[in-house]
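The figures that follow rest on heavy atoms only: side chains count, while hydrogens, waters and symmetry mates do not. Every chain is numbered from 1, with letters handed out A, B, ... down the list of sequences.
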Amino acid sequence: MASSGHDMLTRTEPAPPDYRYSPPPVIEPGHTYATVSDQISAIVLTRRSARLGAGDADRVRRVNLLMVSVVWLLIKGPGIWGLNQPVGWAFDITNFVWWIGIGHAGTLISAILLLFRQQWRTSINRFAEAMTIFAVMCAGMFPLLHVGRPWLAYWLLPYPNTMSMWPQFRSPLEWDVFAVSTYATVSLLFWYVGLIPDLATLRDRATHKLGQVVYGVLSLGWRGSAMHWQRYESAYLLLAGISTPLVLSVHSVISFDFAGGQLPGWHTTIFPPYFVAGAVFGGFAMVLTLGIPIRYFYKLEDFITDRHLENMGKVMLTTGLIVVYGYTLEVFMGFYSGNQYERFLTLNRMFGPVLAGVLRLWFCNAVIPQFLWIKRFRRSPFMLWWISIVINVGMWLERFVIIVISLHRDFLPSSWGWFRPTVWDWGLFIGTLGFFSFMMFMFIRLLPMISVFELRELVNVTKARKQIGEEEHGDGNGHVGEKRRDDTSGLATRQADIG
Amino acid sequence: MTEADSYGLQRLQDPHQRRHGLRRRLRPRQDRGKDWEIACTQHHQLIDFSHLKDGGGTSPYQGENLNTQRGIIKEINFDSYKEDAVEPAEHHKHVSLYPDYNYTDSNGLHKWGMVIDQTACIGCQACVTACQSENNIAVVGKRQVIMQREMHWLRIDTYYTGDPVTPDMLFQPMLCQHCEQAPCETSARWQATSHSDEGINEMTYNRCVGTRYCSNNCPYKVRRFNFLQYNENLRRLAEADAQPGRHGPQPRRDGEVHLLRAARQPHPHRAQEARRRGDCHLDGPKATRTAPIACEKAADVPGRPSDGSASRRARPEAIIFGDLHYHAEGQVGPQAPVHDLKQQPDGCTTRARAELNTPPRTTYLADHAQLNPALPKPGDGAMDARLPAELSGEDRGRTPRTDVWRREGAGEREQKSAETERDC
């Protein structure tokens, strides 16, 4: 226990704040600082058997598939995909928007839930932030690779050059560059800053020389002094504040790619909020898709409890309803606008060649999430996992419908067409899926996937809560969204927790 | 394909038509069971849905006359002209976030514009061929045509009207409209498409990274993209008939930028080049009618001398290109400058999708559909020659129908069977 500087500091526990009105603790009782640190850092520091060997092989295969797809694309050009004249974007931008959306859950969990002092976020924020970063990496591949001359992608940046050219700032694609790069930078910083105390823990616990050196360098000389903690908390809160608008801005800007276009089906003012809700919706689905198996395999049920899953289910239900509202409004506006192209698009979506796709979309995104109204489904990891998979598929279909169905039949019937994906379309998509899970599992093996120091705070909270429960024979079940009445200074309370 | 017995391609059920359109599966007699796909760029402009999954009549819009409903081709006859021409047509007020292009600050000597006379166009595709050869447009090959990736900068859209048994065809050459506020210009990230001081949407190939966003945003879908190394095809072609002094976009001939896309190079660029070379005198009034662009030369009734001699003036031209600065008030005949052709009454001209506020610089002259009363009316039997007296008193004007018809070859008009009528 004393191996970490942080542990030494918290040896004398302060008088706990009044937790009577606070949310209940969100880790299982019976844990101490030591057990928490042990269990989480052991995932990184102890060698594991080849239990997940089959999964590893599968991921490596898919990363190979990604590399083959990219190389072949660079050799041949985007013609290896099924794109054609009316359908200039298909899988490429669908995947781009889908991946970017997935990242949003991480930012929301880490930034907004932190500011709202939702303590249950501590068990999943590290994991979700890592997911954000890897999802943005996957997303970033597509805009770079989908262009005809990817080796000139650096032209997207405004930089002084011999051509005296400046990017076209009226192009929404140029706005994307800034939105996504800001997002990637802030997410990475936020993630790394959050990791620093845990990296120090790993440094102290590592038995291998290499681990000690690497974690030592990465922990930036963290000693856990009170000064460190004070500055650290300020920096973390500031970064949370910077990240918060990004939750809303990034996908709004992505939606401008479409909303700024001429095309019926794209030229819609509802897109920014609708895209943001869809992003959070899909992002939480991905957190569950990955989180539930990991929780099972690494025996983390004590930390990622059923209540975490339930809360994520609630977020999905809420954002899912916003998305359904968006769909409904699109149909309504198709007729209400009086614009014959919009009307045609709506009919084409509903009765055109992709009827099956749209039905699946509604099924996945509107029908299936309604099961989340039922508590039994929200608390069942298995059911929740399946629902999250369905939502992932549904959100991908949504982007596909928005992009391809709008493109394939626009103003002049003479230029109508259809898109057929080729094996390379699928190859790149499945390849990024493999790359994503590959990176996730690398992360799990090399870095603490749950924030150790924040969980240690929760140990304190749990203990205090337990005492109060014994005194007042309360059942310990408050409402999640209920705010602490005595919480005037979040930072001060947080400091007090830590000591 | 060439060895196949073409009669085998017909089905007994519909001996007079090809039912499946572009992606039709063909079954020659000796290769029954094997599938062919016909690569044909003309059939990219199919306007029915029979080749699609939902084309079997289940879709609710199939019977819609998209041409009429969307006002794609304006059709007038004498009666409608009398009514429409006097009424001022509804002008779409141009609203834009961006300031209008200020031509006075530039050194644009010219203001290029084009008028396309849909009455004169007979859909012979000569302008398409001329454009292809003049601009060294890459040919893409059969498989790529099937994937709808042909790189024609100019295409002939065809719509149908009238009696479904013997429909009339309406042709609309569709090419870059050179919008004043072009959606493609705001799409290009590195300003690969820009507005010239002569009013042209210019494509700068070397600045194109190839996001295809311009194509997605183009309401006319006239942007083209070099999906694969089509320049290799082009190089072979170009070497075969290389001409000295050939100019214009040859982005794929340099070989280095092998994935460069060929979006549309504006035709008037041609004229600019010609002016610089001194081939023709574009600054005088007469020359405004004779800017040597390939499609304009080609877009003429067959048999017209192509040497630009005086005889062409007496014949209809479908594509008229010139400098909008020059105008001779009131002249609307075949010799009229572009500017004056554009000034015809509103009922006679149209701009493609003007309601989108792009607004296009190219003007389409409406299709005059005034039949000679002496001609037999289409559809009355198999074009049996009736006496004009029998038909006297009937309205000769074509009435637009509410059907969209499959595009077929021009010679197949009379072959449409009654079955077609049922299907559609």
Side-chain angles (χ1 to χ4, degrees), chain A residues 76-89 93 143 146-150 152-153 155-156 163 165-168 170-174 176-177 257-258 260-263 266 339-341 343-344 347-348 350-355 403 406-407 410-418 420, chain B residues 44-47 49 52-54 58-61 64 66-67 69-70 72 98 144 147-150 155 157-159 172 174 183 185-191 207-213 215-229 257-261 352-353 356 358 404:
Chain A
K76 293 292 283 185
I80 63 169
W81 297 338
L83 304 173
N84 54 29
Q85 180 37 39
V87 186
W89 288 348
I93 303 298
H146 93 290
V147 299
R149 299 195 284 171
L152 298 178
W155 282 3
L156 305 176
M163 293 177 280
M165 285 305 298
W166 205 237
Q168 167 68 278
R170 290 187 292 178
S171 172
L173 292 188
E174 190 59 34
D176 269 11
V177 176
D257 286 351
F258 308 107
Q262 277 271 7
L263 217 59
W266 286 13
N339 183 323
Q340 58 166 318
Y341 306 116
R343 187 176 136 266
F344 174 81
L347 287 172
N348 189 33
M350 294 198 294
F351 303 104
V354 281
L355 170 66
I403 292 171
S406 307
L407 275 172
D410 66 342
F411 300 102
L412 293 179
S414 60
S415 55
W416 288 359
W418 182 232
R420 282 151 210 256
Chain B
H44 280 199
Q45 287 112 49
L46 280 170
I47 52 175
F49 314 99
L52 297 173
K53 274 186 290 183
D54 62 332
T58 52
S59 85
Y61 54 80
E64 287 180 5
L66 288 166
N67 174 30
Q69 192 189 24
R70 299 188 166 192
I72 292 167
Y98 303 119
Q144 299 298 310
M147 294 182 81
Q148 288 185 261
R149 289 170 173 180
E150 79 276 3
R155 62 174 198 255
D157 292 354
T158 310
Y159 302 92
Q172 185 175 52
M174 182 48 68
E185 288 173 6
T186 53
S187 306
R189 277 207 273 207
W190 193 247
Q191 308 197 353
R207 290 207 293 259
C208 178
V209 183
T211 62
R212 300 181 292 282
Y213 193 35
S215 167
N216 294 343
N217 260 345
C218 177
Y220 317 100
K221 288 285 177 288
V222 291
R223 314 272 311 183
R224 293 291 178 264
F225 185 78
N226 191 350
F227 280 98
L228 293 168
Q229 299 173 40
V257 281
H258 66 282
L259 297 178
L260 204 62
R261 38 252 14 100
R353 309 270 64 77
L356 296 177
T358 44
V404 175

Tell me, please, which residues at least two apart from B:Gln191 pass side chain to side chain contact (heavy atoms under 4.5 Å, CB included). A:Met165, A:Gln168, B:Arg207

Just so I understand: if I count every heavy-atom pair under 4.5 Å between each of A:Ile403, A:Leu156, A:Leu173 and chain B, which residue has the most? A:Leu173

Output the option from A:Ile80, A:Val87, A:Leu412, A:Leu152 having the highest count of non-hydrogen pairs under 4.5 Å with chain B. A:Leu412

What part of B:Pro219 is in contact with chain A, defined as an atom under 4.5 angstrom from a non-hydrogen atom: side chain, backbone, both or neither? both

Measure distances from A:Ile93 to the heavy atoms of chain B and classify the residue's part below 4.5 Å as side chain, backbone, both or neither. neither

B:Ser215 versus chain A, the contacting section by heavy-atom distance below 4.5 Å: side chain

Can you name the one residue among A:Val147, A:Asp176, A:Asp257 that meets side chain to side chain contact (heavy atoms under 4.5 Å, CB included) with B:Thr211? A:Val147

Count the heavy-atom pairs under 4.5 Å between each of A:Gly82, A:Ser406, A:Ser171 and chain B, then report the option with the highest count. A:Ser171

Ring pair (Phe, Tyr, Trp, His ring centres under 6.0 Å) with B:Tyr213: which residues, sequence neighbours excluded? A:Trp89

Heavy-atom contact with chain B under 4.5 Å, split by part of A:Trp166: backbone

Pick from A:Pro86, A:Ala153, A:Pro143, A:Pro167: which one has the most heavy-atom pairs with chain B under 4.5 Å? A:Pro167

Judged by atom type as modelled, is there a donor-acceptor pair below 3.5 Å linking the side chain of B:Lys221 to the main-chain atoms of B:Asn216? yes

